There are 2 protein chains.
Amino acid sequence: MTRQRAAVSEALDRLDDFRSAQQIHDVMRQGGDTIGLATVYRTLQALADHGDVDVLRTEDGESHYRRCERDEHHHHLVCRGCGRTIEIDGPTVESWANTVGAAHGFTGIEHTIELFGTCADCAAAAAARAGD
Amino acid sequence: MTRQRAAVSEALDRLDDFRSAQQIHDVMRQGGDTIGLATVYRTLQALADHGDVDVLRTEDGESHYRRCERDEHHHHLVCRGCGRTIEIDGPTVESWANTVGAAHGFTGIEHTIELFGTCADCAAAAAARAGD
DNA sequence: GGGCTAATTGATAATGAATGTCAAAACCGT
DNA sequence: ACGGTTTTGACATTCATTATCAATTAGCCC
């Protein structure tokens, strides 16, 4: 463990929604950390491999990272408006995925599941704006 | 409809698994079509917007396209070995997604679900190789 | 602490998918 | 065929990510 890796980990603790590697790098520099962009990328990837951060591929192909709270396999429900993220587990989908895969003779099933929606706060805000 | 758009559509008919825009462009050129890369990108995107092709984001951030067989919303089960793709629908997951979203006060739920596995043929081939 | 070796860092260059540009070419109703 | 609009495509550009590699640092034995 190096100073830089610890700093990335700390930065992730302060942030609580998905951010790109570059955003994390910017935040760290503004917070006074001296760290190179390449190192941020490397560290985030290492953390992701280790299962310490969640990775989300945005629609335009960027990877966004976020400290994950739980160790087990899980998915996300992300608000389109504010980016608030809720970690969810789904025994239902896990078994569904395996069943569907097995039904077609597939083994070693893995799955990618992400949910997007508008959270109650953002929906209320949108309604207020529309009411003006 | 122009000659180029028709050609892309035909190329997609011949291909039956997910290919990148560049691969499709290459195949077309080798097949004698005269078409620019930019046009392939534009056409694929238009087709995707129209729901005529499925888009899959690979792990390294590339978009892969494939003619889709059914009109309704559906997901994919893709073989890691040979790329064979099976289109699946999942009333189970659809309702699960909405239920989970609603439970957290989210509205307008959308979801991304992809399944990956090893198909029976590829599993058999792997077993044969291991047996040597 | 001093010294040693291997791993890590970071400025910069390179990569590569995807998009913007814009003049030339193709389309279409008349 | 004609004029205006749309589309095309070679090329340049953007931008996230990865490779490079010399300089720095971590880990460790004494």
Side-chain angles (χ1 to χ4, degrees), chain A residues 1-12 15 17-67 76 78 83 85 112 114 116, chain B residues 1-12 15 17-67 76 78 83 112 114:
Chain A
M1 270 299 143
T2 62
R3 173 179 59 80
Q4 288 88 342
R5 291 211 245 262
V8 169
S9 194
E10 262 184 59
L12 284 167
L15 269 29
D17 39 0
F18 282 94
R19 303 292 177 133
S20 72
Q22 315 222 28
Q23 286 176 321
I24 292 169
H25 179 243
D26 287 348
V27 167
M28 293 181 69
R29 297 283 274 235
Q30 273 162 34
D33 282 320
T34 302
I35 189 169
L37 181 56
T39 304
V40 174
Y41 271 103
R42 273 188 297 244
T43 305
L44 286 172
Q45 216 151 48
L47 289 170
D49 287 347
H50 212 263
D52 294 327
V53 299
D54 292 328
V55 189
L56 201 58
R57 204 58 90 136
T58 56
E59 208 167 345
D60 54 332
E62 267 178 277
S63 291
H64 281 62
Y65 304 85
R66 177 179 186 268
R67 154 105 41 219
H76 300 106
V78 185
T85 304
T112 306
E114 299 298 343
F116 299 92
Chain B
M1 269 300 145
T2 63
R3 174 178 59 80
Q4 288 87 342
R5 290 211 245 263
V8 170
S9 196
E10 262 184 58
L12 283 168
L15 270 28
D17 39 358
F18 283 94
R19 303 289 177 138
S20 71
Q22 315 224 25
Q23 286 175 322
I24 292 169
H25 179 243
D26 287 349
V27 167
M28 294 181 69
R29 296 284 273 237
Q30 274 162 32
D33 282 320
T34 302
I35 189 169
L37 181 57
T39 305
V40 174
Y41 270 104
R42 273 187 296 243
T43 305
L44 286 172
Q45 216 150 49
L47 288 170
D49 287 347
H50 211 264
D52 294 328
V53 299
D54 293 327
V55 190
L56 200 58
R57 204 57 92 134
T58 56
E59 208 167 345
D60 53 332
E62 266 178 278
S63 291
H64 282 61
Y65 303 86
R66 176 179 187 270
R67 153 106 39 220
H76 300 106
V78 184
T112 305
E114 301 297 343

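Being a predicted model, the structure only gives us computed values, none of them experimental. The figures that follow rest on heavy atoms only: side chains count, while hydrogens, waters and symmetry mates do not. So that the names make sense, note that chain A is the first sequence line, chain B the second, and so on, each numbered from 1.
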Would you give a per-nucleotide map of nucleotides 8-30 of chain C, 5' to 3', where B means the base has a protein non-hydrogen atom under 4.0 Å away, S means only the sugar-phosphate does, and - means neither? SBBB-----SBB-----------
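- In this structure, CD in A:E10 is found 15.0 Å from CZ in A:R5, a value given to the nearest 0.5 Å.
- Residues forming a side chain to side chain donor-acceptor pair (under 3.5 Å) with A:R66 (at least two apart in sequence, or on another chain): A:E87.
- End-to-end axis angle of the helix from C:dG1-D:dC30 to C:dT30-D:dA1, from C1' rotation axes over five pairs per end: 40° (rounded to 10 degrees).
- Taking CD1 of A:I35 as the reference point, atom CZ of A:R3 lies at 7.5 Å (rounded to 0.5 Å).
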Check step by step if side-chain contact (heavy atoms from CB on, under 4.5 Å) holds for B:L12 and B:L44. CA-CA 10 Å; B:L12 283 168; B:L44 286 172; 4.0 Å; yes
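- Every residue two or more places apart in sequence or in another chain was checked for a side chain to side chain donor-acceptor pair (under 3.5 Å) with B:D33, and none qualifies.
- One distance of note links CE of A:M28 with CD of A:Q23; it measures 14.0 Å at 0.5 Å rounding.
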N/O donor-acceptor pairs under 3.5 Å from side chains in residues 45-58 of chain B, not counting sequence neighbours:
from	atom 1	to	atom 2	distance (Å)
B:H50	ND1	B:D52	OD2	3.3
B:D54	OD1	B:H74	NE2	3.4
B:D54	OD2	B:H74	NE2	3.1
B:D54	OD2	B:H76	NE2	2.8
B:R57	NH2	A:E59	O	2.3
B:T58	OG1	B:D60	OD1	2.8
B:T58	OG1	B:E62	N	3.1
B:T58	OG1	B:E62	O	3.1

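- Taking A:R67 as the reference, A:S9, A:D13 meet the side chain to side chain donor-acceptor pair (under 3.5 Å) condition, with sequence neighbours excluded.
- Reading DNA chain D from its 5' end, the first and the last nucleotide to sit under 4.0 Å from a heavy atom of chain A are D:dA16 to D:dG27.
- In this structure, the side chain to side chain donor-acceptor pair (under 3.5 Å) partners of A:Q22, at least two apart in sequence or on a different chain, are A:Y41.
- For A:D17, the salt bridge (charged side-chain N to carboxylate O under 4.0 Å, His left out) criterion is met by A:R19, not counting sequence neighbours.
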